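Shown next, in structure tokens, is the structure this report addresses.
The figures here come from the full heavy-atom set of this structure, side chains too, leaving out hydrogens, waters and symmetry mates. On a predicted model such as this, the values are computed, not experimentally measured, just so you know.
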Amino acid sequence: MSRYAKASADVGGTAGEPAYTGCGAYGCPMPGALSDSTHGSDRWTCRFHFGVASREWDRITTSIRQRLGAGIPLGPTEQTPTVKAMLERVRRPVVGAE
């Protein structure tokens, strides 16, 4: 048995089911993308709940759900200058391409 195989066998275990990846704020439909932990965490929050006092979470979650239910975008719909420049470069014809 190779050293790698032995080391792998010693670790053992199985991956199991993936953890819930939604926002840690109760009822929030957004993905949990941000954590304030640098050592791993079981609580991840969306961009709307991150850094906000938990006493405000219900109000934020209600607002998110109301906006989504009404079809209102959650973020700015205007493209940033960076996005505009990138789209211009992508759409520019390639010289020599046929």
- What's the spacing between C28 SG and H49 NE2 if we round to 0.5 Å? 4.5 Å
- Item | Under 4.5 Å side-chain linkage, directly or through intermediates, the cluster mates of F50 | L34
- Task: List the atom of G24, the atom of W57, and the distance in Å for their closest heavy-atom pair.
- Result: O-CZ3, 4.1 Å
- Query: So how far is it from I60 CD1 to T45 OG1, rounded to the nearest 0.5 Å?
  - Reply: 9.5 Å
- Would you give the length of the straight line joining atom CZ of R43 to atom SG of C23, rounded to the nearest 0.5 angstrom? 8.5 Å
- Message: Let me confirm one number: the CG-CZ distance from L74 to R67, rounded to the nearest 0.5 Å.
- Response: 6.0 Å
- Task: Kindly compute the distance separating CD (E56) from CZ (R59), expressed to the nearest 0.5 Å.
- Result: 4.5 Å
- Message: With heavy-atom distances below 4.5 Å as the criterion, would you say the side chains of Y26 and T61 are in contact?
- Response: no
